[in-house]
Amino acid sequence: MQGFDAAKINEIIRKASEGSRFYQHKQQAQQKLDAKIKEMLHTAQQMSPQLLEKATKKMEAVALECEAGRDLSRTIVHVDMDMFYAAVEMRDQPNLKDVPMAVGGNSMLSTSNYIARKFGVRAGMPGFIARQLCPALVLVPPNFSKYKAVSRVVEQVFAIYDPNYAMMSLDEAYLDITDYMEANADAYQAKSEVDNETLAEAIVREMRLKIQEATQLTASAGIAANTRLAKVCSDLNKPNGQYYLPSDTRAIMDFINKLPIRKISGIGNVTEQQLKALGITLCGQIRPNYGLLRLLFSDCSLDYFVRISLGLGETDLSNYTSGEQKSISTETTFTGTSCKQKLMQMVSDLSIELHGDMKKKGLVGKLVTLKTKTVNFVLKTRSMALGEPTSDPEVMGKVARKLLIAEMEKCPVDEPLSLRLLGVRMSNLSEEASSGRAKQTTISKMFEKQTVSAGRESSSNYCLVTESVAREVQAFHD
DNA sequence: TACATACAC
DNA sequence: CATGGTGTATGTA
């Protein structure tokens, strides 16, 4: 069993994709982006040197201000479990250890092991393409409740080193170990004084070992002065490794200057292409292009770019943990249909499911949003505000159905709305007024209203939905 | 406020 | 045969 080279992998993926509606839509999106970039370059060419110089000076002033706020006093760690879901499955089914395997389904993989990666099988890839790359691939359906349980064990290790650790997903967290280092320096130095680097590395190595002892799974870590840098660093010695970046401006600048912008969290495919068109592929190329960037991007992006170019980032983890939830949603993909009754039924089902999730969290919301995706992968959202916050499935469902009907009516009869995805989201959230009595009222109301409303709907053959199975929440990629 | 886009995981 | 689900931030009008 050999791996493939990149050219062969791309060829197989291209053959499997081309002609599909998914691929066509992707190409359209790319053309749109190309046009946008072309326009951007046109704008750039028309800039006078004077204007550019002025913009550069403004940006340099911002940079100076940011530089003044540089905080090198904290030691931040980003910990990332190695191929988390796949590692859990391999641990529990040893026969999976020596074969190419991935966790996911036919439509999407969440992660793959290193043997499968040699064949080009990656997170985010549909299972049917993965099988073409690697016919021997073993596909394991996800067990989210198991991963959650493992994650809780890992969290207990994190808590030793920083009780205020910030969990970013099931397999990833930031820790501020500054206080732990100070409090425990003595325990880690054998005879002589230990410098910060040795101390931080020893502590993180020990933490990773504790994770491994507790879970039989390995983790990688990055250690740096802020979360942005720590996150990049955790990727450098993966799997089962760690990387320390000294908290020293010179070391940070040397590091950041040669770093590809795409490695920065928040720089995705689109931004990468835009910046590339301007000749920027490395973080070190941002500062020489300050003026250009200022004239092409929003203030908010500028601040972000400046901070990246200086290697600045978040040092206060409470900024990750303090916020309240802003929205809650449920969506589902299905084989494309334009059957009105089926679609309406699904919206009702989703509303009931959403109600369950909201009740669990004690949330009510004021803004209902319907999300649709056509069989050609065109996404749309339509929303409507309610008079008062609710989580009542019938109220949410009624509004969502209304929004769906409005969309369907926009289509000509010979070309009805044909969808492959529906979603319902609630936002403008607040806490549910929680007394047992209030909840009871809500529940009885729900049944009343459902009965009444079901008879009133035009597609009245949709019935009250059976209890939907509790859905596993999922962050799909590792 | 409403909608689209970009991004992370 | 055939490409996911949940949540946040931001730009724009």
Side-chain angles (χ1 to χ4, degrees), chain A residues 13 15-26 29 32-33 36 78 80-81 83-85 103-111 122-132 141-142 144 147 151 167-173 227 231 262 264-274 297-304 319-320 323-336 350 353-354 357-358 361 363 366-373 375-386 403 407 420-429 471-478:
Chain A
I13 294 175
K15 273 213 174 115
S17 302
E18 80 186 346
S20 70
R21 298 197 207 227
F22 174 82
Y23 190 67
Q24 281 172 12
H25 177 261
K26 217 172 103 177
K32 232 168 113 181
L33 178 57
K36 194 177 154 192
H78 180 250
D80 196 350
M81 299 297 292
M83 49 169 188
F84 186 47
Y85 299 169
V103 176
N106 207 27
S107 56
M108 188 64 56
L109 304 181
S110 54
T111 184
R122 293 268 177 325
M125 177 179 277
F128 68 88
I129 290 183
R131 265 199 263 265
Q132 291 180 35
F144 289 108
Y147 311 146
S151 185
M167 216 60 198
M168 305 306 285
S169 65
L170 287 184
D171 75 324
E172 209 173 293
T227 57
K231 167 106 186 162
R262 190 61 154 88
I264 300 288
S265 177
I267 305 279
N269 169 45
V270 172
T271 313
E272 181 187 31
Q273 288 189 52
Q274 287 176 335
F297 288 86
S298 69
D299 285 353
C300 198
S301 306
L302 293 177
D303 219 59
Y304 177 59
N319 287 322
Y320 291 103
E324 288 136 51
Q325 190 167 7
K326 305 238 168 100
S327 74
I328 185 166
S329 66
T330 305
E331 63 186 64
T332 182
T333 293
F334 42 87
T335 55
L350 288 168
E353 200 174 334
L354 185 58
D357 293 349
M358 292 177 79
K361 297 190 175 184
L363 292 172
K366 233 178 150 174
L367 186 69
V368 183
T369 302
L370 179 79
K371 178 173 167 182
T372 61
K373 191 196 279 174
V375 290
N376 293 320
F377 292 86
V378 178
L379 271 168
K380 273 198 179 68
T381 60
R382 292 290 177 259
S383 51
M384 192 179 281
L386 302 173
L403 291 166
E407 283 312 296
R420 72 184 330 273
L421 174 146
L422 278 168
V424 180
R425 176 165 76 240
M426 288 298 279
S427 46
N428 293 5
L429 300 179
R471 181 183 31 84
E472 299 279 9
V473 179
Q474 47 192 275
F476 224 75
H477 297 291
D478 67 342

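Residue numbering restarts at 1 for every chain, and letters A, B, ... go by the order of the sequence lines.
Straight-line distance from the NZ atom of Lys371(A) to the P atom of dG5(C): 9 Å, rounded to whole Å. Computed from coordinates, the Leu170(A) CG to dT6(C) P distance equals 14 Å when rounded to whole Å. In this structure, the CG atom of Asp357(A) is 12 Å from the C1' atom of dG5(C), given to the nearest Å. Across the protein-nucleic acid pair, Leu421(A) atom CG and dA2(C) atom C1' stand 16 Å apart, rounded to whole Å. Put simply, CD1 on Ile129(A) is 7 Å from C1' on dT3(C), counting in whole angstrom units. Atom CG in Leu354(A) sits about 9 Å away from atom P in dT6(C), given to the nearest Å. The separation between Leu350(A) atom CG and dT6(C) atom P is 9 Å, rounded to whole Å. One can place CE of Met83(A) at 18 Å from C1' of dC9(B), the figure rounded to the nearest angstrom.
Within the structure, every side-chain polar atom (N or O) of Lys26(A) is placed at least 4.0 Å from both OP1 and OP2 of dT3(C). Taking side-chain N and O atoms only, Ser329(A) has a distance below 4.0 Å to OP1 or OP2 of dG7(C).
Among residues two or more places apart in sequence or in another chain, the side-chain hydrogen bond (donor to acceptor under 3.5 Å, both in side chains) test is passed with Gln24(A) by none. Taking the side-chain hydrogen bond (donor to acceptor under 3.5 Å, both in side chains) definition, one finds that Glu18(A) meets it with Arg14(A), sequence neighbours left out. Every residue two or more places apart in sequence or in another chain that forms a side-chain hydrogen bond (donor to acceptor under 3.5 Å, both in side chains) with Ser298(A) is listed here: Ser301(A). Shown here are the side-chain hydrogen bond (donor to acceptor under 3.5 Å, both in side chains) partners of Arg382(A), two or more places apart in sequence or in another chain: Glu407(A).
Residue Glu172(A) holds its CD atom at 11.0 Å from OG of Ser151(A), rounded to the nearest 0.5 Å.
Distances were taken from every side-chain heavy atom of Thr333(A) (C-beta onward) to each of dG5(C), dT6(C), dT8(C); the shortest belongs to dG5(C). Counting only heavy atoms from C-beta on, Ser327(A) has its side chain closest to dT8(C) among dA2(C), dT3(C), dT8(C). Closest contact between the side chain of Ser169(A) and the listed nucleotides dA2(C), dC9(B), dG5(C) involves dC9(B). Side chain of Arg420(A), nearest nucleotide from dG7(C), dC9(B), dA2(C): dA2(C).
When each of Phe22(A) and Lys361(A) is assigned the nucleotide of DNA chain C with its nearest heavy atom, Phe22(A) is the one assigned upstream, toward the 5' end. Judged by closest nucleotide on DNA chain C, Tyr23(A) is the one of Arg425(A) and Tyr23(A) placed further toward the 5' end.
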Protein within reach of the bases, or only the backbone? For nucleotides 2-8 of chain B, mark each nucleotide 5' to 3' as B, S or -, using heavy atoms under 4.0 Å. SSSSSSS
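The residue Thr332(A) sits close only to the backbone: its heavy atoms come under 4.0 Å of sugar-phosphate atoms, none of a base. In this structure, Ser20(A) reaches the bases: a heavy-atom distance under 4.0 Å links it to at least one base atom across the strands shown.
Shown here for Ile264(A) and Tyr304(A), the closest heavy-atom pair between the two residues is CG2-OH, 3.7 Å. The two atoms that bring Gly124(A) and Met108(A) nearest to each other are O-SD, 3.1 Å, heavy atoms only.
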side-chain contact (heavy atoms from CB on, under 4.5 Å) assessment of Lys371(A) paired with Leu422(A): CA-CA 6 Å; Lys371(A) 178 173 167 182; Leu422(A) 278 168; over 6 Å; no
Show your reasoning for whether side-chain contact (heavy atoms from CB on, under 4.5 Å) applies to Arg262(A) and Asn269(A). CA-CA 8 Å; Arg262(A) 190 61 154 88; Asn269(A) 169 45; 3.9 Å; yes
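Between Tyr85(A) and Tyr147(A), the ring-plane angle classifies as parallel under the 30° and 60° cut-offs.
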Look for any protein N or O under 3.5 Å of an N or O in nucleotides 10-13 of chain C and output each such pair with its distance, or none.
| residue | atom | partner | partner atom | Å |
| --- | --- | --- | --- | --- |
| dG11(C) | OP1 | Ser298(A) | OG | 2.3 |

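You won't find any donor-acceptor pair under 3.5 Å spanning the side chain of Thr330(A) and the base of dT6(C), going by distance alone.
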